[in-house]
Chemist: 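Just dropping this structure here.
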Number of protein chains: 2
Amino acid sequence: MSRNSNDGAPVPEGGWLDGEQQRAWLAYIRVQLRLTYEMNRQLQSDSDLSLPDYDVLTALSVADRGLMSIKVLAAQIGWERSRVSHHVRRMAKRDLVSCGLSTGDRRVTEVGLTQHGRQVLEAAAVGHVELVRRLFFDGLPPELEGPLGQALESVYTNIIAQGTLPPPVDWRPHGVSDRR
Amino acid sequence: MSRNSNDGAPVPEGGWLDGEQQRAWLAYIRVQLRLTYEMNRQLQSDSDLSLPDYDVLTALSVADRGLMSIKVLAAQIGWERSRVSHHVRRMAKRDLVSCGLSTGDRRVTEVGLTQHGRQVLEAAAVGHVELVRRLFFDGLPPELEGPLGQALESVYTNIIAQGTLPPPVDWRPHGVSDRR
DNA sequence: TGGAATTGCGTGACATTTCACCTAAGCTTT
DNA sequence: AAAGCTTAGGTGAAATGTCACGCAATTCCA
């Protein structure tokens with residue numbers, strides 16, 4: 001898979017990124033690791049949800065009629081299908097989601113939020129958003145909010161185009177305003 | 001803890017983020033999920049390393065004399081200490097790292113790269129960086145590189161200040177150029 | 001100096017995630 | 001309609017990660 005593909009490129013020793021890029025990437029990695037840790041911790045202690053639980057609930061909450069097949073759900077949150085399968089079964093035992101065979105295609109399992117699941121998500125979202133605002137946005141100069149959003153959207157668009165994972169169902173190049 | 005702190009704000013029902021913020025956050029989450037998936041996949045298939053393996057190796061490679069205590073390593077990459085403990089033991093079996101008691105304080109375990117570990121990391125880095133460049137930077141307009149780096153550094157600084165995880169050892173407010 | 005508190009880790013039980021297969025439903029051909 | 005392909009998912013075992021707890025080295029302080 002194209003190792004050593006940047007042999008003659010104008011890149012610092014060993015093929016690393018240039019200064020600006022290195023800076024951005026290092027910051028990204030650091031933010032990613034810490035933020036994941038903190039979000040996990042907060043959700044767990046405030047709402048008895050893991051971050052993966054929250055990801056599933058959130059994805060389901062924006063689905064049409066709150067129903068989604070395992071495959072679509074997996075594509076949505078970037079998981080292996082079998083992981084979704086296991087995880088959803090465990091969440092069903094906790095009455096957060098419910099599974100059922102689709103009427104149309106009897107291979108597909110439709111997953112949906114239960115009443116309880118929706119309540120738990122909505123309760124959890126309050127504290128989660130509060131944490132996100134505090135950790136992610138409170139230190140961010142307002143004039144960088146726009147550029148950050150733009151930059152990340154460019155990156156996302158590129159990942160969708162280049163990556164191996166199929167695009168999520170509701171993906172659209174530049175529309176905003178979903179997630180409720 | 002100021003839940004519901006944006007009551008009168010121009011924000012959708014339920015206390016979510018404002019438009020700009022929502023956009024940035026949504027993009028961040030999407031990038032994070034996909035990128036993690038793709039990096040894992042690439043490392044696994046090209047270098048027989050998981051992303052966690054790579055995180056450990058990378059952290060160790062920038063340590064003083066390639067040695068780091070479990071605690072510092074955990075703080076560095078945002079893991080639970082016991083996770084590091086388990087993981088490092090498994091990596092030692094594969095001859096990627098080596099552990100030994102510190103001479104100074106005999107409670108601490110010093111972890112270091114082995115020769116083999118360093119070689120594996122350097123071989124893996126080539127393809128990994130190639131992937132990062134392709135997925136993260138190829139779609140990013142050059143004029144947004146700077147703002148992105150700046151924005152993420154602000155966020156990181158804030159997380160360090162606000163978060164529960166202790167700051168990494170080599171943390172400095174705005175210096176760049178480490179990682180090799 | 002002699003506890004008591006703290007710190008740094010390891011461990012073992014348990015939960016989650018991955019990986020390699022397996023089944024079954026739908027689709028396509030013949 | 002049967003054979004053969006493709007697609008959606010489930011499954012069990014192994015790898016990985018979490019949590020609660022325990023032990024030993026160090027530090028604090030009277």
Side-chain angles (χ1 to χ4, degrees), chain A residues 33 36-45 48-57 67-94 96-112 164-166 169, chain B residues 33 36-45 48-57 67-94 96-112 164-166 169:
Chain A
L33 287 170
T36 301
Y37 178 91
E38 303 287 352
M39 291 191 300
N40 233 313
R41 205 183 141 86
Q42 183 271 331
L43 280 171
Q44 199 75 62
S45 74
D48 266 298
L49 291 176
S50 65
L51 187 53
D53 291 337
Y54 191 85
D55 288 338
V56 169
L57 294 178
L67 283 184
M68 221 180 253
S69 70
I70 298 274
K71 176 183 195 171
V72 167
L73 183 48
Q76 205 75 2
I77 58 186
W79 289 9
E80 310 278 346
R81 277 193 324 246
S82 81
R83 177 181 177 186
V84 175
S85 186
H86 282 305
H87 204 94
V88 144
R89 191 163 40 69
R90 288 185 297 248
M91 289 178 75
K93 275 186 198 159
R94 296 196 283 153
L96 293 168
V97 302
S98 62
C99 311
L101 288 182
S102 162
T103 41
D105 183 335
R106 276 172 337 191
R107 286 171 305 183
V108 335
T109 300
E110 300 274 15
V111 187
T164 64
L165 207 56
V169 278
Chain B
L33 288 171
T36 301
Y37 178 90
E38 302 286 353
M39 291 190 301
N40 234 312
R41 205 183 141 86
Q42 183 271 330
L43 281 171
Q44 198 74 62
S45 74
D48 266 300
L49 291 175
S50 65
L51 187 53
D53 292 336
Y54 191 84
D55 288 338
V56 169
L57 294 177
L67 283 184
M68 220 179 256
S69 72
I70 299 275
K71 176 183 195 171
V72 167
L73 183 48
Q76 205 74 0
I77 57 185
W79 288 9
E80 310 280 346
R81 279 197 322 263
S82 79
R83 176 181 178 186
V84 175
S85 186
H86 282 305
H87 204 93
V88 144
R89 192 165 38 70
R90 289 186 293 245
M91 289 177 75
K93 275 185 198 159
R94 295 196 283 153
L96 293 169
V97 302
S98 62
C99 311
L101 288 183
S102 162
T103 41
D105 183 336
R106 275 173 335 196
R107 286 170 303 182
V108 334
T109 301
E110 301 273 16
V111 188
T164 64
L165 207 55
V169 278

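Sequence lines set the chain letters: A, B, ... in the order given, protein chains first and strands last, and positions in each chain run from 1.
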Chemist: Can you name the residues that form a salt bridge (Lys or Arg N to Asp or Glu O under 4.0 Å) with B:Arg41, not counting sequence neighbours?
Modeler: none
Chemist: Got a sec, which residues hit side chain to side chain contact (heavy atoms under 4.5 Å, CB included) with A:Leu67, two or more places apart in sequence or on another chain?
Modeler: A:Arg65, A:Glu110
Chemist: Do B:His86 and B:Arg83 have a side chain donor and acceptor closer than 3.5 Å?
Modeler: no
Chemist: Specify the residue among B:Gln44 and B:Arg81 whose closest nucleotide of DNA chain C lies further upstream toward the 5′ end.
Modeler: B:Arg81
Chemist: What's the verdict on side-chain contact (heavy atoms from CB on, under 4.5 Å) for B:Val108 and B:Ile70, showing C-alpha distance, side-chain angles and the deciding distance?
Modeler: CA-CA 7 Å; B:Val108 334; B:Ile70 299 275; over 6 Å; no
Chemist: Just wondering, do A:Leu57 and A:Val97 contact through their side chains at under 4.5 Å, heavy atoms?
Modeler: yes
Chemist: Can you name the nearest heavy-atom pair linking B:Val88 to B:Leu73, along with the distance?
Modeler: CG2-CD2, 4.2 Å
Chemist: Looking at residues at least two apart in the chain, or sitting in another chain, which of them share a salt bridge (Lys or Arg N to Asp or Glu O under 4.0 Å) with B:Asp48?
Modeler: none
Chemist: With a 4.0 angstrom cut-off to heavy atoms of chain B, pull out the first and last contacting nucleotide of DNA chain D, in 5'-to-3' order.
Modeler: D:dT16 to D:dT26
Chemist: Restricting to non-hydrogen atoms, name the atom on A:Ile77 and the atom on A:Asp55 that form the minimum distance, rounded to 0.1 Å.
Modeler: CG2-O, 3.9 Å
Chemist: Quick one: does B:Val56's side chain get under 4.5 Å of B:Trp79's, heavy atoms only?
Modeler: yes
Chemist: Give, ordered by number, those residues of residues 101-109 of chain B having at least one heavy-atom distance below 4.0 Å to an atom of DNA chain C; if nothing qualifies, reply none.
Modeler: B:Arg107, B:Val108, B:Thr109
Chemist: Can you give me the first and the last nucleotide of DNA chain C (5' to 3') that has an atom within less than 4.0 angstrom of a non-hydrogen atom in chain A?
Modeler: C:dT16 to C:dG26
Chemist: Please step through side-chain hydrogen bond (donor to acceptor under 3.5 Å, both in side chains) for the pair B:Ser50 and B:Asp53, ending with a clear verdict.
Modeler: CA-CA 5 Å; B:Ser50 65; B:Asp53 292 336; 3.1 Å; yes
Chemist: What's A:His87 touching, base or sugar-phosphate or nothing? Going by heavy atoms closer than 4.0 Å.
Modeler: sugar-phosphate
Chemist: With a non-hydrogen cut-off below 4.0 angstrom, is B:Ser50 in contact with a base, only sugar-phosphate, or nothing?
Modeler: nothing
